[in-house]
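Encoded as structure tokens, the structure appears first; notes follow it.
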Number of protein chains: 2
Amino acid sequence: MEKDKIDKKEHILDVAEKVFADLGYDGASTRTISGEAGVNMAMLNYYFGSKEGLFLAVFERKINSFRTLLQNISSDGSMNAWDKLDKCIDNYVERIIANNCFQKLINREVSMNKRGDLTDKIIEILMVNVYEVKRIMEEGVNNGLFHADADIPLVIATLFGTKNYIVNMPQISSLVLGHDIRDEKFMENELKPRVKTYMKRLLKAYLVKEHDNSK
Amino acid sequence: MEKDKIDKKEHILDVAEKVFADLGYDGASTRTISGEAGVNMAMLNYYFGSKEGLFLAVFERKINSFRTLLQNISSDGSMNAWDKLDKCIDNYVERIIANNCFQKLINREVSMNKRGDLTDKIIEILMVNVYEVKRIMEEGVNNGLFHADADIPLVIATLFGTKNYIVNMPQISSLVLGHDIRDEKFMENELKPRVKTYMKRLLKAYLVKEHDNSK
DNA sequence: CAAAATTAATCAAACGATTGATTAAGCGTA
DNA sequence: TACGCTTAATCAATCGTTTGATTAATTTTG
């Protein structure tokens, strides 16, 4: 049936996304992916033409969900810059930290930079989110809510970099935190709220003028 | 002569470091490395036992110098926790941001969790440095210089994560910063002091009690 | 010192294993 | 039967590694 076909392709894409994230593009062999997905090796080429086609399919499937993540927050006139940033942090932590394997995949391919066409596409997508956050922060500076000499580009590097460090190097952050961050319960009940609280307090301490230090 | 022998091994390590960084561990074949270095393929195994041995040799050569530097700072009794951290940031930025291709390599390999033996060794070596920084921060908390409720593990994620973001995704951070960070002059004269200033101000604002906010 | 013995360094060639990809035959359903 | 799906078998290419032979350097010996 048509429905089974779609479900099977989706299943392959799910598995491929995870395997690519774990092993990288080179490290993820077509045999490993097909084996993990429980399908014959030739099915990958049958459905997606080639390994690169499969990779592109994995990537493009995710594009839409990343497009609109922050835009509605940014354009909300009822919030000041800090409240928007607060909301951005909430959404980002909630959404990215939980489903992290695609982020790992993206970061690795961007840092590799040897597959030009694909890398350019990925960067273009990522920049949409980055510019959205940057715009919010600059709004805060212009409104006098944030320090005028705040280094916004580097704050962005901190916001996304801290998140990347946690999700991209789970073994290291697990050791530093004292818990396995791949544990679903710890992630949901402890790490997520903890990262939210930390990130807000950190950025507030650096960005916001005369904020309440006590809490 | 003895000197030539050493120089040759060092030359192979130099080339291997660059090729590994450009192509990744999987992407860098022993043939490419030996070809680029102008030596016979078998020399890699003769000198370093295996491809993995070569990689580890490249890795340990880089990490050792920084490790002793950190330990010297950490054990210096004449500085308080913040001054130590200040010095760590200076050294870290000066050292890592400039020579970044190796850091990209390390982060890429660690973020793949399925190459067990090699990844474990890398993590083990990296953690020495991470724990050193952690120890300094905890010292600051215990001495009452830093806020008692400071989330030290996440501060570490910020410190290393911000750096990683800048050096691992130069295309993105170049766009955010408005300059090509791969430009040597900009990197040395502007980015380095800027990151130092930012990192200290950020961590100070979050960590240190009753610091001077004005500057 | 010089010849012999030993060790270290280097090379081309080939190894078995694995890679991404393709093939032709078999399968189930319409 | 005819068609879309699935499979095992197989392809050439490349992988990291090993081999045996050869040369260069060093040490031992007479």
Side-chain angles (χ1 to χ4, degrees), chain A residues 1-59 105 108-109 112 114-118, chain B residues 1-59 105 108-109 112 114-122:
Chain A
M1 294 172 222
E2 183 73 12
K3 192 153 175 289
D4 287 351
K5 245 195 321 187
I6 294 176
D7 287 348
K8 187 160 209 169
K9 284 180 80 167
E10 288 297 312
H11 173 62
I12 292 176
L13 287 171
D14 287 337
V15 172
E17 180 182 324
K18 181 178 171 7
V19 177
F20 274 132
D22 285 342
L23 306 177
Y25 182 84
D26 292 316
S29 72
T30 54
R31 283 170 178 80
T32 301
I33 296 173
S34 61
E36 203 96 0
V39 302
N40 189 275
M41 212 176 47
M43 296 310 293
L44 305 188
N45 295 80
Y46 179 77
Y47 280 131
F48 306 102
S50 66
K51 182 184 181 180
E52 187 170 321
L54 172 60
F55 185 85
L56 277 169
V58 168
F59 171 71
L105 173 59
R108 193 169 23 244
E109 289 310 315
M112 191 88 75
K114 279 290 176 190
R115 274 176 281 276
D117 318 337
L118 181 56
Chain B
M1 294 170 221
E2 182 71 14
K3 193 154 175 284
D4 287 351
K5 252 195 314 187
I6 294 177
D7 287 349
K8 188 157 207 170
K9 281 182 83 167
E10 289 297 311
H11 173 62
I12 292 177
L13 288 171
D14 287 338
V15 173
E17 180 181 324
K18 180 177 171 8
V19 177
F20 274 133
D22 285 343
L23 306 175
Y25 183 83
D26 290 314
S29 72
T30 54
R31 283 169 179 81
T32 302
I33 296 173
S34 59
E36 202 97 1
V39 303
N40 188 275
M41 224 171 36
M43 289 289 89
L44 306 188
N45 296 81
Y46 179 76
Y47 280 129
F48 306 101
S50 66
K51 182 184 183 180
E52 183 172 316
L54 171 61
F55 182 86
L56 281 170
V58 169
F59 177 69
L105 168 63
R108 230 186 354 248
E109 295 311 318
M112 311 189 200
K114 282 284 186 197
R115 216 183 338 260
D117 314 338
L118 183 56
T119 308
D120 289 348
K121 280 181 191 165
I122 295 176

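In what follows, every chain begins at residue 1, and chains take the letters A, B, ... in the order their sequences are listed. Given the structure is predicted, the values throughout are model-derived calculations rather than measurements.
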Rounded to the Å, how far apart are [X] [atom1] and [N] [atom2]?
X: Y46(B); N: dA12(C); atom1: OH; atom2: P; value: 17 Å
X: H11(A); N: dT6(D); atom1: NE2; atom2: C1'; value: 15 Å
X: I33(A); N: dG20(C); atom1: CD1; atom2: P; value: 8 Å
X: Y47(A); N: dT6(D); atom1: OH; atom2: C1'; value: 9 Å
X: M43(A); N: dC27(C); atom1: CE; atom2: P; value: 16 Å

By side-chain hydrogen bond (donor to acceptor under 3.5 Å, both in side chains) - contacts of D14(A) (at least two apart):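 For D14(A), the residues satisfying side-chain hydrogen bond (donor to acceptor under 3.5 Å, both in side chains) (neighbours in sequence not counted) are R61(A).
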
- prompt: Got a sec, which residues hit side-chain hydrogen bond (donor to acceptor under 3.5 Å, both in side chains) with T32(A), two or more places apart in sequence or on another chain?
  reply: S29(A)

query: Is there a side-chain polar atom (N or O) of K8(A) under 4.0 Å from OP1 or OP2 of dC5(D)?
result: no

message: Does the protein touch nucleotides 8-24 of chain D at the base, only the backbone, or not at all? Give it as B, S and - per nucleotide, heavy atoms under 4.0 Å.
response: B------BBBBB-----

- request: Would you name the heavy atoms of L44(B) and T30(B) that are closest together and state the gap between them?
  value: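 Smallest heavy-atom distance, with atoms named: CD1-O, 3.5 Å.
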
All ring pair (Phe, Tyr, Trp, His ring centres under 6.0 Å) counterparts of F48(B), not counting sequence neighbours: none

By side chain to side chain contact (heavy atoms under 4.5 Å, CB included) - contacts of M43(B) (at least two apart): V39(B), N40(B), Y46(B), Y47(B)

field: Any residue meeting salt bridge (charged side-chain N to carboxylate O under 4.0 Å, His left out) with K51(A), in chain and number order, not counting sequence neighbours
entry: none

